[in-house]
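Okay, structure first, notes after.
All values reported here derive from a predicted model rather than from experimental measurement. Numbers restart at 1 for each chain; the letters A, B, ... are given by sequence-line order, proteins then strands.
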Protein chains: 2
Amino acid sequence: MRIVYDVLRDEILSLDLPPGSAIDEAGLAERFGMSRTPIREALVRLAGEGLIETLPNRSTIVSPLDFLNMRPYFDALVLMYRVTTKLAAQRHRAADLEVIHAWQAEFAAAVQAQDALAMIATNAAFHLAVAEAGRNPYFTALFKRLLDEGRRILRLYYQSYDDQLPQRFVDEHDAIIAAVAARNGAEADQLARVHGEQVVDQVQMLLAGGMRLDLAL
Amino acid sequence: MRIVYDVLRDEILSLDLPPGSAIDEAGLAERFGMSRTPIREALVRLAGEGLIETLPNRSTIVSPLDFLNMRPYFDALVLMYRVTTKLAAQRHRAADLEVIHAWQAEFAAAVQAQDALAMIATNAAFHLAVAEAGRNPYFTALFKRLLDEGRRILRLYYQSYDDQLPQRFVDEHDAIIAAVAARNGAEADQLARVHGEQVVDQVQMLLAGGMRLDLAL
DNA sequence: TGCATTTTTCTTGTCGACAAGAAGAATGCA
DNA sequence: TGCATTCTTCTTGTCGACAAGAAAAATGCA
């Protein structure tokens, strides 16, 4: 059922269900007050998105986070930052900008309030709104998946600022909005690249250092 | 069950199940000699990949092909051609080149034999092998999905050559292999771009023209 | 006691049957 | 006859129970 899928997905992405933990169908069935059949359908969907891994005839577990080879993840993330922003500059319509502005306002508010969880959510929503304006469902879908996967990783990132994200990020978002509004694809691309690489560098520095402790979330 | 998923997937991509046609669970259950439960699981997986669309409490149909807005599809395809080839140049290992060479040989043979279906399959396998050498599962997954989706579209393309693909494509593959082997990322990127855009231009010419007839496949 | 083998016990995978919901057919009324 | 409403019929969604398979426990033998 839809509900089961949504709840489990959120619990996985928020690390309520820690990576590697086992998933018990019968238990979930009891918890949600329904039969195992709809539970299994939700699990199949989650497996399709790579959020859980199902060992045949054996247990199914929440997909582990692989902190060793994150290079591919970051490469993909930065490229999607770039391409979706560039496309937004080229293909956006007036109404799109309103949505983007709205999310940027919420993001700024979250930064102001030093609310880490809200920052993660609104930042993702901001960039997704930009991606939507680019009108390429293939890129948007991959980007969404990367941002979701990132919810499990980026949390470390925000913690490195002690729940305090620099104002600079808000400014960069504003610059991106300006480039998109001006339909300047090259500029939008460049800004998105810098914006993305900044996140990546920071997280990699964290991982290179002794940030192992936080993984026990 | 795995088998059902594979068979249905192939029938959809090969247009044996035409876009828009209805899918009957009970019928499939009888055909595969099993209960509806495993059938449904296969359908959920297919829906997750966008190959079928399921109207709640109503019928489920094979996803229609949208020939009007294919721009996003082509944009994504060309970008994935480029980025996977470039990464292959940067990250491949010796063993990867052997696999790539093997598929290129099969592709050349298919062109020689003027076997359109084999061309489609081996061309996709060739580019996927290149993508695998790039070692970015996010890009590879999207690329695979685009190539699969392309099996339903590209067929038109190959028909435009009357099942006779120019030798030029084989040569371009060779050039790509050379750039990858030389670890020349920029060159690989450029070659992949031209290669991809060529396919796109050709298909778009077909669609602009009166190629509507073939859609009744 | 140590190891191989059997048995038990879970978990997952599959089944047949029933419930729910929607589209279309049939009916009744003006 | 035309239209709204009820009823039928089909398809999908869910259920509880059973089958299959794997890990763990127990047993037997040296």
Side-chain angles (χ1 to χ4, degrees), chain A residues 1-66 141 149 152, chain B residues 1-66 137 141 148-149 152:
Chain A
M1 208 193 192
R2 178 98 204 178
I3 296 293
V4 181
Y5 169 80
D6 287 331
V7 171
L8 285 181
R9 171 193 176 78
D10 192 68
E11 289 182 352
I12 292 172
L13 295 179
S14 69
L15 298 178
D16 277 355
L17 290 176
S21 63
I23 292 186
D24 177 42
E25 295 178 5
L28 290 175
E30 186 171 7
R31 171 181 163 200
F32 285 98
M34 59 180 61
S35 156
R36 274 176 50 223
T37 310
I39 303 287
R40 281 177 65 86
E41 296 206 352
L43 294 184
V44 171
R45 285 185 63 187
L46 290 170
E49 298 178 30
L51 289 178
I52 65 177
E53 290 175 15
T54 161
L55 298 279
N57 264 315
R58 208 104 52 87
S59 64
T60 91
I61 62 171
V62 178
S63 294
L65 284 178
D66 183 0
E149 179 75 26
R152 305 206 293 174
Chain B
M1 207 194 194
R2 178 97 206 176
I3 296 293
V4 181
Y5 169 80
D6 287 332
V7 170
L8 285 182
R9 172 191 175 79
D10 191 69
E11 289 182 351
I12 292 171
L13 295 178
S14 68
L15 298 177
D16 277 356
L17 291 176
S21 63
I23 292 186
D24 177 41
E25 294 178 6
L28 290 175
E30 187 171 7
R31 171 181 161 200
F32 286 98
M34 59 179 62
S35 154
R36 272 176 51 225
T37 309
I39 303 286
R40 281 177 65 85
E41 296 206 353
L43 294 183
V44 170
R45 286 185 63 186
L46 291 169
E49 297 178 30
L51 289 179
I52 65 177
E53 289 175 15
T54 161
L55 297 282
N57 263 316
R58 209 104 51 86
S59 64
T60 91
I61 61 172
V62 178
S63 295
L65 284 177
D66 182 0
D148 281 343
E149 179 74 27
R152 304 206 294 174

Inset, instruction - Kindly say if B:Arg40 contacts the phosphate of D:dG13, meaning a side-chain N or O under 4.0 Å from OP1 or OP2. - result: yes

Inset, instruction - Step through the shown structure and confirm whether more than 12 heavy atoms of other residues, nucleotides or ligands are within 6.0 Å of CD on A:Glu30. - result: no

Inset, instruction - Rounded to the nearest angstrom, tell me the gap between atom CE in B:Met34 and atom P in D:dC18. - result: 22 Å

Legend entry - Which nucleotide in D:dA23, D:dG13, D:dT11 has an atom nearest any side-chain atom of B:Asn57: D:dG13

Inset, instruction - Give the rounded distance in Å between these two atoms: CD of B:Glu41 and C1' of C:dT14. - result: 9 Å

Inset, instruction - Starting from the 5' end of DNA chain C, give me the residue, A:Thr60 or A:Thr37, whose nearest nucleotide shows up first. - result: A:Thr60

Inset, instruction - Would you kindly give the CD1-to-P distance between A:Ile61 and D:dA23, to the nearest whole Å? - result: 14 Å

Legend entry - Whole-Å distance separating the CD1 atom of A:Ile39 from the P atom of C:dT12: 12 Å

Inset, instruction - Could you tell me the separation between the CG atom of A:Leu55 and the P atom of C:dT12, rounded to a whole number of Å? - result: 10 Å

Legend entry - Value in whole Å for how far the C1' atom of C:dT14 lies from OH of B:Tyr5: 21 Å

Inset, instruction - Could you check how far CD of B:Glu25 sits from P of D:dT12, rounded to whole Å? - result: 5 Å

Inset, instruction - Can you see which heavy atom on B:Pro19 is nearest to which on B:Pro64, and at what distance? - result: CB-CA, 3.7 Å

Inset, instruction - Please work out if B:Ile23 contacts a base, only the sugar-phosphate, or nothing of the nucleic acid, heavy-atom cut-off 4.0 Å. - result: sugar-phosphate

Legend entry - Atom-to-atom span, CD of B:Glu30 to P of C:dG16 - whole angstrom: 12 Å

Inset, instruction - Ignoring backbone atoms, test whether A:Arg36 places a side-chain nitrogen or oxygen under 4.0 Å from the OP1 or OP2 oxygen of D:dC15. - result: no

Legend entry - A:Ile52: which of A:Val44, A:Leu8, A:Ile12, A:Ile61 passes side chain to side chain contact (heavy atoms under 4.5 Å, CB included): A:Ile12

Inset, instruction - Nearest 0.5 Å please: distance from the CZ atom of A:Arg40 over to the OG1 atom of A:Thr54. - result: 8.0 Å

Legend entry - Phosphate-side-chain proximity, B:Arg58 and C:dA23, N/O vs OP1/OP2 below 4.0 Å: yes

Inset, instruction - Please examine the side chains of B:Arg152 and B:Val62, heavy atoms only from C-beta on, and report whether any two atoms are closer than 4.5 Å. - result: yes

